[in-house]
**Student:** 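Here it is: the structure, laid out below.
Quick note: numbers below take in every heavy atom, side chains included, and nothing from hydrogens, waters or symmetry partners. By convention in this document, chain letters (A, B, ...) are assigned in the order of the sequence lines, proteins followed by strands, and residues within each chain are numbered from 1.
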Amino acid sequence: MPEGHTIHRAARNQNKWFKGKVLEMRSPQGRFADGAARLSGQKLTKVEANGKHLFYRYMDSGDVLHVHLGLFGKFKIRKPPFPEPSPNARFIAWTDEAQLHLAGPTACELLTPEGMDAIKARLGPDPLVAGVNGAEQIHQKLARRKSPIGRALLDQSVIAGLGNVYRAELLFLVGLHPFTPANEVPLEKISELWDLSVTELKIGEKSGRIVTVDPAEMGKPSRAKLTRYERLYCYKRAGKPCRRCGDTIVSAEVDSRKIWWCPTHQPLTA
DNA sequence: GTGTCATGCGTAT
DNA sequence: TACGCCTGACACG
């Protein structure tokens with residue numbers, strides 16, 4: 001389930017197990033055989049997350065492993081005794097203590113540091129990178145865009161790390177209709193959106209799932225007590241009542257991705 | 001068991 | 001705008 005929170009969580013977890021360690025590596029599926037052969041036996045300096053991208057730094061050689069999970073990619077961390085890797089594993093990498101198992105990524109490639117910088121350069125601010133305030137930057141990028149804010153939020157060069165779930169939920173939380181022209185969203189609203197992104201993605205990174213609903217509104221004591229059907233306000237809730245006002249959640253397609261909103265909380269003419 | 005859809009994105013048209 | 005890539009979950013029968 002890869003939006004930015006998943007990627008940062010993966011980096012944190014993988015650093016815990018593999019940072020500073022010499023990793024053996026191979027590609028059961030074969031599509032990363034050359035890369036695995038090159039990296040195998042190298043010491044992994046650290047894992048960095050930026051938006052939905054992961055960069056594995058090998059400072060001794062300068063090699064960078066770039067992974068993007070896309071829609072289907074998944075990591076597993078396994079403890080010994082290691083089970084047989086699935087034949088479709090793009091790579092497995094391991095020490096004596098743990099094994100990292102990757103399947104189904106959109107990107108798994110070797111880069112130079114320059115190649116990594118080029119990818120980072122085209123990403124907008126990432127709410128999960130500490131110490132960044134992206135509001136001004138985002139506002140400037142949107143200044144000349146008449147296209148809908150609902151499209152802009154999935155553009156990784158505007159803001160890095162949001163996916164379709166956070167898009168719908170954040171727009172609900174700030175009360176913006178997804179079809180609002182991006183350049184008509186005032187800086188204060190962008191600021192609100194940015195701050196909420198930080199808050200919500202942090203919650204997602206900690207818990208490992210996207211939970212935007214305030215548990216008190218559902219009469220629950222904590223986020224952890226919410227059922228899978230109670231965690232979101234809008235995403236995939238077409239035809240259901242808004243949790244706050246009871247109006248019917250509606251949906252539409254933007255660039256062949258679905259989006260959901262509450263007509264009352266997110267009027268087009270705000 | 002089969003079919004559809006999905007938290008993504010690059011490339012071709 | 002459409003398609004291809006890649007996998008797993010779930011609805012349906």
**Student:** Below the 4.0 Å mark, does dC9(B) have OP1 or OP2 next to a side-chain nitrogen or oxygen of H68(A)?
**Tutor:** yes
**Student:** Does R257(A) have a side-chain nitrogen or oxygen under 4.0 Å from the phosphate oxygens OP1 or OP2 of dT7(B)?
**Tutor:** yes
**Student:** Suppose you measure atom P in dC5(B) against the same atom in dA2(C); what distance do you get, rounded to whole Å?
**Tutor:** 15 Å
**Student:** For dT7(C), does either OP1 or OP2 sit under 4.0 Å from a side-chain N or O belonging to N88(A)?
**Tutor:** yes
**Student:** With a 3.5 Å cut-off and no angle check, do the side chains of H177(A) and Q266(A) form a donor-acceptor pair?
**Tutor:** no
**Student:** Give R231(A) one of three labels, base, sugar-phosphate or nothing, depending on what nucleic acid heavy atoms sit under 4.0 Å from its own.
**Tutor:** nothing
**Student:** Looking only at atom P, what distance separates dC3(C) and dT4(B), rounded to whole Å?
**Tutor:** 15 Å
**Student:** May I ask you to check whether F18(A) and W94(A) place their ring centers less than 6.0 Å from one another?
**Tutor:** no
**Student:** So, is K74(A) close to the dT7(C) phosphate, meaning a side-chain N or O under 4.0 Å from OP1 or OP2?
**Tutor:** no
**Student:** Compare side-chain N and O positions of Y235(A) against OP1 and OP2 of dT7(B) and report whether any pair is under 4.0 Å apart.
**Tutor:** yes
**Student:** Are R228(A) and dC10(C) close enough that a side-chain N or O sits under 4.0 Å from OP1 or OP2?
**Tutor:** yes
**Student:** Which residue, Q29(A) or S256(A), contacts DNA chain C at a nucleotide closer to its 5' end, judged by nearest heavy atom?
**Tutor:** S256(A)
**Student:** If you take the centroid of each ring, where Trp contributes its six-membered ring, are Y233(A) and H265(A) closer together than 6.0 Å?
**Tutor:** no
**Student:** Check this one for me: any side-chain N or O of R9(A) less than 4.0 Å away from OP1 or OP2 of dT7(B)?
**Tutor:** no
**Student:** Any side-chain heavy-atom pair from L54(A) and H66(A) closer than 4.5 angstrom?
**Tutor:** no
**Student:** So what does D255(A) hit on the nucleic acid, given a heavy-atom distance under 4.0 Å: a base, only sugar-phosphate, or nothing?
**Tutor:** nothing
**Student:** Which residue lies toward the 5' end of DNA chain B, F72(A) or L154(A), if each is placed at its nearest nucleotide?
**Tutor:** F72(A)
**Student:** If the P atom of dG10(B) is compared with that of dG8(C), how far apart are they to the nearest Å?
**Tutor:** 23 Å
